[in-house]
Amino acid sequence: MMKKTLTILSFFFTLILLAQEKGVIDNSNSEFVKFKSINIGDCVWTDGFWADKFEVAEKVMVPYMGTLLKGDTGHALNNFKIAAGLKEGKHEGMFWHDGDFYKWMEASMYIYAINKDEKIITDLDEIIAIIGKAQLENGYLQTQTQLKNIKPFSQRKYHEMYNSGHLYIAASIYYRITGKRNFLDIAIKHANNLYETFQPQPKELARFGFNQVQIMGLVELYRTTKDRKYLELAEIFINMRGKSELKPDPSVNTNNIGDMTQERTPLRKSKEAVGHAVLALYYYAGAADVYAETGEQALIDALDILWGNIVNQKMFVTGACGQKHDGGSSHRDFVHEAFTIDYEMHNQNAYNETCANLCNAMFNQRMLSVKGESKYADVMELVLYNSGLSGISLEGKDYFYTNPLRRTFDHKMGITDYANRVPYIPCFCCPPNLVRTIAKSSAWAYSLTKNGIAVNLYGGNKLTTKQLDGSAIELTQETQYPWEGRVNITIKKAKKNVFDIQLRIPEWAEDTTIKVNGKSVDTEILEGTYVTITRKWKKGDVIAIDMPMDVNLLEGNAKIEEVRNQVAIKRGPLVYCLETPDLPENTSILDMYLPLDTKFTSTYKKDLLGGITAIEGTLKVRKDKKEGMYHELDNVQWESINTQFVPYYSWSNRGTAEMTVWLPLLWN
């Protein structure tokens with residue numbers, strides 16, 4: 001009888017131990033993490049803004065993208081079929097196309113975790129079988145090199161590290177959701193080959209950490225398999241940066257050296273974010289993952305400095321990153337799609353690649369986990385509602401690669417710029433990155449704390465999970481956020497003992513009030529912090545949060561020449577913009593000025609842009625037209641108009657338009 005009892009207890013202990021090992025980031029056993037992940041599927045968007053976005057992802061975004069990538073347009077699955085000997089043809093797409101396909105597979109899994117549609121798994125299993133046949137016996141798998149007979153790891157421009165990282169992440173997620181090893185075994189075999197190649201640290205591969213998604217991927221594979229060599233290899237890739245002499249090398253594109261690829265300065269000595277913004281932010285996110293496992297103080301100190309430099313000197317008001325398509329670093333290195341010098345923030349020519357913006361959210365989500373501080377969730381949310389979501393159309397089939405803050409009809413487009421979102425971008429990295437973020441967004445809404453939960457994101461949802469002690473908790477959120485600031489959280493199930501509920505009060509949410517069962521909480525409520533409520537919670541308890549949704553005018557740091565004497569409009573987490581569909585015919589956004597005494601009103605319009613709260617106000621139109629580069633200021637003519645502003649994420653959904661976030665200010 002005793003043996004049977006011990007067996008049962010052991011079984012339940014195992015269930016508790018494994019209960020939280022199925023997060024989008026499995027930090028359940030990460031010692032240096034304050035906010036732990038809930039399991040994938042524990043939180044479901046039920047109504048409102050994110051429920052609508054998830055439904056579009058489920059019914060349109062993911063299926064439509066699948067038809068592209070599995071068909072001849074995207075050609076991604078074709079590449080694997082050809083490598084597997086199942087099809088004739090040649091490689092098509094960018095060098096990083098394998099990784100983009102893995103991202104789409106990952107997005108599909110998040111959808112399955114919610115809707116349990118077995119057709120998704122059947123489809124993915126068929127794809128995984130093809131991928132397995134394409135893999136070489138030694139574990140190597142990169143269609144862009146295999147199909148072109150290119151020597152493995154001969155030049156970092158082939159993005160083998162990027163593709164590897166996304167393979168490891170997608171395979172880990174697939175295993176967590178399904179329990180199947182078919183994809184995971186491919187990833188393990190692949191990672192073992194990577195370990196055997198790079199662990200000896202051969203000199204000729206010392207600068208090979210280009211586009212370092214492999215760091216995040218290796219850490220996630222370590223968390224999944226418990227094999228420490230993957231964490232060891234992740235640290236090696238961090239330590240390799242900044243150790244080599246900066247000169248041309250057979251494995252290195254001579255245009256992409258130094259700050260461009262974050263190899264001038266070792267990470268632990270870095271004082272500013274540099275170079276290609278996507279490369280940088282994937283690198284920093286990976287380093288945060290490594291810190292979560294090792295607790296190395298020098299690593300987190302460097303990441304704190306880099307975070308501060310990004311947010312306070314190089315991030316746009318929409319949370320976007322990547323100031324210029326081409327420019328120079330503070331060390332005068334050529335940089336591309338990149339962080340440049342502090343406060344260099346062009347509006348019309350801002351690059352702001354969708355991937356970079358999403359990577360910013362990913363970096364902040366990891367920093368939130370290790371630090372448990374509200375400022376990281378603020379940036380994460382800022383990206384989600386603004387510079388991330390702007391990368392896809394409302395119907396879910398068209399995409400932006402870049403996300404400028406101003407656009408005029410005469411703007412000269414670069415190769416990745418488009419006047420309107422397009423159904424397929426040859427460089428297809430951003431669309432699946434955005435779709436997988438929307439699909440997993442509910443997993444970011446809550447975290448597990450030492451003795452409770454933290455509410456990171458607001459939106460209509462239901463949470464059914466276990467606390468870190470194994471006790472069940474269920475709650476619901478009811479809200480029209482981000483259009484309204486009132487949120488009701490109702491406890492549906494809770495343990496009998498005292499525990500914490502931490503509520504994020506966004507930085508913009510001054511004068512927020514919190515009541516529990518109709519009574520104001522006896523705790524200080526400060527914007528930009530988590531407010532902790534500790535009590536014995538019971539079924540039926542209701543937390544009522546009221547965050548005033550005022551219309552605020554934001555001005556930039558005086559060192560940002562581009563926006564001096566200009567303002568941006570923000571309401572709650574949303575940045576707003578002005579579009580020509582809301583202006584008189586033949587009026588340019590460059591003719592528009594905002595009087596300081598303008599009175600704003602906010603109105604929800606269910607038939608506009610999928611249902612939004614528009615901001616209405618009076619602007620001045622400058623009617624005198626001047627020609628030439630410079631001209632004398634005289635005979636200025638003004639006309640007043642009433643118009644509306646729409647959320648930045650929704651622009652370019654009403655035809656080709658001019659748009660601006662920043663408006664010149666008219667002082668009284």
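Here the structure is a predicted model, which means the values were calculated and not measured. Positions are given from 1 along the sequence.
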Asker: To the closest 0.5 Å, what do you measure between CG (D607) and CD1 (I612)?
Answerer: 11.0 Å
Asker: Centroid separation under 6.0 Å, is that true for the rings of H166 and Y162?
Answerer: yes
Asker: Check the pair E579 / R407 against salt bridge (charged side-chain N to carboxylate O under 4.0 Å, His left out), numbers first and verdict last.
Answerer: CA-CA 9 Å; E579 263 196 298; R407 178 55 53 79; over 6 Å; no
Asker: How far apart are the closest heavy atoms of I238 and A287, and which atoms are they?
Answerer: CD1-CA, 3.8 Å
Asker: For the residue pair W96 and H159, categorise the inter-ring angle as parallel (less than 30°), tilted (30 to 60°) or perpendicular (more than 60°).
Answerer: tilted
Asker: Side chains of D98 and N79: any donor to acceptor distance under 3.5 Å?
Answerer: no
Asker: Heavy atoms only: give me the nearest V575-N386 pair and the separation to one decimal.
Answerer: N-OD1, 2.8 Å
Asker: Show, in sequence, the C-alpha distance, side-chain angles and deciding distance for V252 and Q155, and conclude whether the side-chain contact (heavy atoms from CB on, under 4.5 Å) test is met.
Answerer: CA-CA 6 Å; V252 176; Q155 286 200 29; over 6 Å; no
Asker: Using modelled atom types and a 3.5 Å cut-off, is there a donor and acceptor pairing between side-chain atoms of E220 and backbone atoms of I25?
Answerer: no
Asker: Hey, does the Lys NZ or Arg CZ of K103 hover above the aromatic six-ring of F101, less than 6.0 Å from the centre and inside 45° of the axis?
Answerer: no
Asker: Do S37 and W444 have side-chain N/O donor and acceptor atoms under 3.5 Å apart?
Answerer: no
Asker: Does atom NZ of K605 have more than 12 heavy-atom neighbours, drawn from other residues, nucleotides or ligands, at distances under 6.0 Å?
Answerer: yes
Asker: Regarding Y401 and E353, do their side chains bring together a donor and an acceptor under 3.5 Å, going by distance alone?
Answerer: yes
Asker: Is the shortest distance from a Lys or Arg side-chain nitrogen in E395 or R421 to a carboxylate oxygen in the other one below 4.0 Å?
Answerer: no
Asker: Identify the two heavy atoms, one from A320 and one from S387, that lie closest to each other, and give their separation to 0.1 Å.
Answerer: N-OG, 3.4 Å
Asker: Going by an N to O cut-off under 4.0 Å, is there a salt bridge joining K70 and D123?
Answerer: yes
Asker: Just verifying a value: how many Å separate K412 NZ and N349 CG, rounded to the nearest 0.5 Å?
Answerer: 11.0 Å
Asker: Do N163 and Q144 have side chains that get closer than 4.5 Å, going by heavy atoms?
Answerer: yes
Asker: Establish, yes or no, whether a centroid distance under 6.0 Å links the rings of W50 and Y385.
Answerer: yes
Asker: Check for me whether the distance between the ring centres of F400 and W651 falls short of 6.0 Å.
Answerer: yes
Asker: Does the ring center of H325 lie less than 6.0 Å from the ring center of Y351?
Answerer: yes
Asker: Measuring centre to centre across the rings, with the benzene-like ring taken for any Trp, is F428 within less than 6.0 Å of Y399?
Answerer: yes
Asker: Are more than 12 heavy atoms, taken from residues, nucleotides or ligands other than K148, located less than 6.0 Å from that residue's NZ atom?
Answerer: yes
Asker: With side chains defined as the heavy atoms from C-beta onward, is the minimum distance between I425 and Y418 less than 4.5 Å?
Answerer: yes
Asker: Evaluate the ring planes of F208 and F153, with Trp represented by its six-membered ring, and classify them as parallel (under 30°), tilted (30 to 60°) or perpendicular (over 60°).
Answerer: perpendicular
Asker: Are E106 and R436 ion-paired here, with the side-chain N under 4.0 Å from a carboxylate O?
Answerer: yes
Asker: Might you point out which heavy atoms bring L457 and L384 nearest each other, and give the distance in Å?
Answerer: CD1-CD1, 3.9 Å
Asker: Side chain to side chain donor-acceptor pair (under 3.5 Å) between T656 and N420: does it pass, once the steps are laid out?
Answerer: CA-CA 6 Å; T656 304; N420 297 290; 2.6 Å; yes
Asker: Can you confirm whether the side chains of E658 and S588 place a donor and an acceptor under 3.5 Å from each other?
Answerer: yes
Asker: Over all heavy atoms of both residues, which pair between A134 and A84 is shortest? Give the atoms and the distance, please.
Answerer: N-CB, 3.7 Å
Asker: Would Q142 and S164 count as having a side-chain donor-acceptor pair, cut-off 3.5 Å?
Answerer: yes
Asker: For E118, is the CD atom crowded, meaning more than 12 foreign heavy atoms sit under 6.0 Å from it?
Answerer: yes
Asker: Using only heavy-atom distances, determine whether the side chains of D125 and N182 contain a donor-acceptor pair under 3.5 Å.
Answerer: yes
Asker: For a quick check under 3.5 Å, do Y140 and E160 share a side-chain donor-acceptor pair by atom type?
Answerer: yes
Asker: Once rounded to the nearest 0.5 Å, what's the spacing between atom OG1 of T437 and atom CG of L358?
Answerer: 4.5 Å
Asker: Taking the six-membered ring for Trp and the full ring for Phe, Tyr or His, determine whether the centres of Y175 and Y168 are under 6.0 Å apart.
Answerer: no
Asker: Under a plain distance cut-off of 3.5 Å, with no hydrogens placed, do H190 and N193 share a side-chain donor-acceptor pair?
Answerer: no
Asker: Assess whether a salt bridge exists between K314 and E272, defined as any Lys/Arg side-chain N lying under 4.0 Å from an Asp/Glu carboxylate O.
Answerer: yes
Asker: Taking the six-membered ring for Trp and the full ring for Phe, Tyr or His, determine whether the centres of W307 and Y376 are under 6.0 Å apart.
Answerer: yes
Asker: Using only heavy-atom distances, determine whether the side chains of H276 and E337 contain a donor-acceptor pair under 3.5 Å.
Answerer: yes
Asker: Determine whether the side chains of D259 and S329 contain a donor N or O and an acceptor N or O closer than 3.5 Å.
Answerer: yes
Asker: Would you check, one step at a time, whether the test side-chain contact (heavy atoms from CB on, under 4.5 Å) holds for L583 with I589?
Answerer: CA-CA 8 Å; L583 297 179; I589 51 103; 3.9 Å; yes
Asker: Is there a donor-acceptor contact under 3.5 Å linking the side chains of N78 and E92?
Answerer: no
Asker: Under the criterion side chain to side chain contact (heavy atoms under 4.5 Å, CB included), which of M65, M105, M61 is the partner of P432?
Answerer: M65
Asker: May I ask you to check whether S251 and R207 show a side-chain donor-acceptor distance below 3.5 Å?
Answerer: no
Asker: Mind checking the CD1-OG spacing from I127 to S108? Nearest 0.5 Å is all I need.
Answerer: 7.5 Å
Asker: Any chance the side chains of N352 and T402 put a donor and an acceptor closer than 3.5 Å?
Answerer: no
Asker: Quick one: do the N403 and T354 side chains pair a donor with an acceptor below 3.5 Å?
Answerer: yes
